[in-house]
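What follows is one structure encoded as structure tokens, with my remarks underneath.
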Amino acid sequence: VDTNHILFDNQTYILTLDVVDIMDGEKTIENVKLNNESVAKVEDTYNVNVDFVNQHITTQEEAYADINISKVLNNNTGVEIDITQFEFGLYEGQEEVATTNVGEDGQATIRLEYTSDDLDFSSEDTNVFAYTLKEIVPNEAGEGMDYSELVYDVIVTISKGVHGTLTSQVEIKLNEETVRVAEFTNTYTIKEPANATIEGTKKYSKADGTTIEDASGFTFELYEANSSFEITNPNSPVTATSDTNGNFAFPEMEYETAGNRYYVVKEKAGTNPAITYSNTEYRVTVNVKDGGSGKLVAETTINEVGGNN
């Protein structure tokens, strides 16, 4: 019988009894107890029952080791970044053992499987495997993403019990300190902001439609607004004045984060009673988005809303 795969019952039974002399040298048994519990006597007989249960253990020939990874992405730019793009590699020396990408929750697990073919218990009851874990930086990594340079040490210990059962233990270390999860932090920053200039032209004419050559001196106001084009800074617009040809431009605006900006442009009515000033309103949307490699670009859309020119 192969006793290496048998789990023996460790139950202990203690049987006590009294042997009593009776007439003519005969003896009888009384006060029979099993583990200090009295045993009932049935028809002058004590029936004592003890049970031993042994278990046969099937050898577990496989063991698994799970290495947990977490990705933290610092991104205050307004740019949407697919976190599942980040990839990690596990290495034994210089040899790549496994790779994985994190899920949408920024988490991932590398599962290693060990079989009897991978293990040698001829001299020791344990097999120890040493790995390193790090982030894989893409060959065409953009300048805006700062990738983690952390390297974790991963120690996997596979042990064999007396009954042939394999167990695994995973230890993840960073600078000799044991951690539960290998956490990598990346930071996305804008290396080059976007710029936009809102420009316009003043059309200046007589009542009969004849163009007046000098269209200088007219003032225009740029207001910040919300997405419904409701003005949010009514008392502090940015102003611009037209030149001789009627052209005007507001100061260039710089954007360091992605997203939409909204503005309203109006002409500021002057005091010359001979001039009918325009009450046309323009709604401006500046869409700032990632142009790649940490560089923002701005696209401007202008819509006219009623009024006269």
Taking it one step at a time, do T241 and T239 satisfy side-chain contact (heavy atoms from CB on, under 4.5 Å)?
CA-CA 7 Å; T241 303; T239 60; 5.9 Å; no
Take V264 and E281 through the test side-chain contact (heavy atoms from CB on, under 4.5 Å) and record every step on the way to the result.
CA-CA 7 Å; V264 173; E281 178 180 301; 3.4 Å; yes
Could you go through the side-chain contact (heavy atoms from CB on, under 4.5 Å) check for V284 and V265 one step at a time?
CA-CA 8 Å; V284 182; V265 177; 4.0 Å; yes
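Hydrophobic clustering places I83 together with L150 (ILVMFWY residues linked when any side-chain heavy atoms are closer than 4.5 Å, directly or through intermediates). The hydrophobic cluster containing V151 does not contain V181, counting ILVMFWY residues as joined when their side-chain heavy atoms lie under 4.5 angstrom apart, directly or transitively. Neither V50 nor I14 shares a network with the other; the hydrophobic side chains, linked directly or stepwise wherever heavy atoms of I, L, V, M, F, W or Y lie under 4.5 Å apart, form separate groups for each. When the side chains of ILVMFWY residues are joined at heavy-atom separations under 4.5 Å, either directly or via intervening members, F250 and V286 end up in a single hydrophobic cluster. Hydrophobic clustering of Ile, Leu, Val, Met, Phe, Trp and Tyr side chains at less than 4.5 Å, counting indirect connections, keeps I172 apart from V128.
If you run side chain to side chain contact (heavy atoms under 4.5 Å, CB included) between I110 and each of L90, V154, T99, only L90 comes through. For the side chain to side chain contact (heavy atoms under 4.5 Å, CB included) with M253, the lone residue among I198, V288, T197, N195 that qualifies is I198.
If you take NZ on K33 and CG on L15, they are separated by 12.0 Å, rounding to the nearest 0.5 Å. In this structure, CG on N101 lies 5.0 Å from CD on E87, to the nearest 0.5 angstrom. Interatomic distance, L222 CG to E224 CD, rounded to the nearest 0.5 Å: 7.5 Å. Once rounded to the nearest 0.5 Å, the distance linking OH of Y204 with OH of Y277 reads 7.5 Å. Atom CG of L34 is separated from atom CG of N49 by 9.0 Å, given to the nearest 0.5 angstrom. Between E176 atom CD and T178 atom OG1 the span is 8.5 Å, to the nearest 0.5 Å.
At least one side-chain heavy atom of T84 sits under 4.5 Å from a side-chain heavy atom of E104. In this structure, N303 and F229 have side chains that are not in contact, with every pair of non-hydrogen atoms separated by 4.5 Å or more. E304 has its side chain within reach of T280: a pair of non-hydrogen atoms, C-beta onward, lies under 4.5 Å apart. Counting heavy atoms from C-beta on, the side chains of L112 and V170 never come closer than 4.5 Å. Looking only at side-chain heavy atoms (C-beta outward), K160 and L119 stay at 4.5 Å or farther from each other. At least one side-chain heavy atom of S159 sits less than 4.5 Å from a side-chain heavy atom of T126.
The number of heavy-atom neighbours closer than 6.0 Å to CD of E177, taken from other residues, nucleotides and ligands shown, is 12 or below. For NZ of K268, the number of neighbouring non-hydrogen atoms (other residues, nucleotides, ligands) closer than 6.0 Å is 12 at most.
Taking D243 as the reference, nothing meets the salt bridge (charged side-chain N to carboxylate O under 4.0 Å, His left out) condition, with sequence neighbours excluded. With sequence neighbours excluded, the residues that form a salt bridge (charged side-chain N to carboxylate O under 4.0 Å, His left out) with D21 are K27. Every residue two or more places apart in sequence or in another chain that forms a salt bridge (charged side-chain N to carboxylate O under 4.0 Å, His left out) with E299 is listed here: K289. Annotation: side chain to side chain donor-acceptor pair (under 3.5 Å) contacts of N233 (sequence neighbours excluded): none. Listed by chain and number, the residues in a side chain to side chain donor-acceptor pair (under 3.5 Å) with T157 amount to none (sequence neighbours excluded). For E183, the salt bridge (charged side-chain N to carboxylate O under 4.0 Å, His left out) criterion is met by no residue, not counting sequence neighbours. Qualifying side chain to side chain donor-acceptor pair (under 3.5 Å) partners for Y152, counting only residues two or more places apart in sequence or in other chains: none. Remark: D208 engages T210 in a side chain to side chain donor-acceptor pair (under 3.5 Å) (not counting sequence neighbours).
Residues A298 and A196 come closest through the heavy atom pair CB-CB, 4.2 Å. The two residues A240 and F248 have their closest heavy-atom pair at CB-CD1, 4.2 Å. When all heavy atoms of P251 and V238 are compared, the closest pair comes out as CD-CG1, 3.5 Å. Residues I29 and Y46 come closest through the heavy atom pair O-CE1, 3.4 Å. Annotation for I158 and F121: closest pair O-CE2, 3.8 Å, computed over non-hydrogen atoms.
Side chain of E95 to main chain of E92: no donor-acceptor pair is present (N/O by atom type, distance under 3.5 Å, no hydrogens or angles). Using modelled atom types, no side-chain atom of N245 and backbone atom of N247 make a donor-acceptor pair closer than 3.5 Å. Listed for the N127 side chain is a donor-acceptor partner under 3.5 Å among the backbone atoms of D120. With hydrogens and angles disregarded, a donor-acceptor distance shorter than 3.5 Å links the side chain of E267 to the backbone of S278. Looking at S228, its side chain never comes within 3.5 Å of a backbone N or O of E230 through a donor-acceptor pair.
A salt bridge does not link R111 with E113: every distance from a Lys NZ or Arg NE/NH1/NH2 to an Asp or Glu carboxylate oxygen is 4.0 Å or more.
Listed by first then second residue, pairs satisfying ring-ring contact (aromatic ring centres under 6.0 Å, His included) with a partner in residues 80-99 read F88-F184, not counting sequence neighbours. Every pair passing side-chain hydrogen bond (donor to acceptor under 3.5 Å, both in side chains) that includes a residue from residues 251-266 is listed here, sequence neighbours excluded: Y255-Y263, T257-R261, N260-Y262.
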Can you list, pair by pair, the side-chain donor-acceptor contacts under 3.5 Å of residues 67-77, counting residues two or more places apart and other chains?
residue	atom	partner	partner atom	Å
N68	OD1	T109	OG1	3.0
S70	OG	Q107	NE2	3.1
K71	NZ	E135	OE1	3.1
K71	NZ	E135	OE2	3.4
K71	NZ	N186	OD1	2.6
N75	OD1	T77	N	3.1
N75	OD1	T77	OG1	2.6
N75	ND2	V79	O	2.7
T77	OG1	V79	N	3.1

Review item, side-chain donor-acceptor pairs of residues 212-220, under 3.5 Å, at least two apart:
residue	atom	partner	partner atom	Å
D214	OD1	S216	N	3.0
D214	OD1	S216	OG	2.6

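Y131 and F129 have parallel rings, their planes meeting at less than 30° on a 0 to 90° scale where 60° marks the start of perpendicular.
Between the side chains of Y13 and Q11, no donor-acceptor pair of N or O atoms lies under 3.5 Å.
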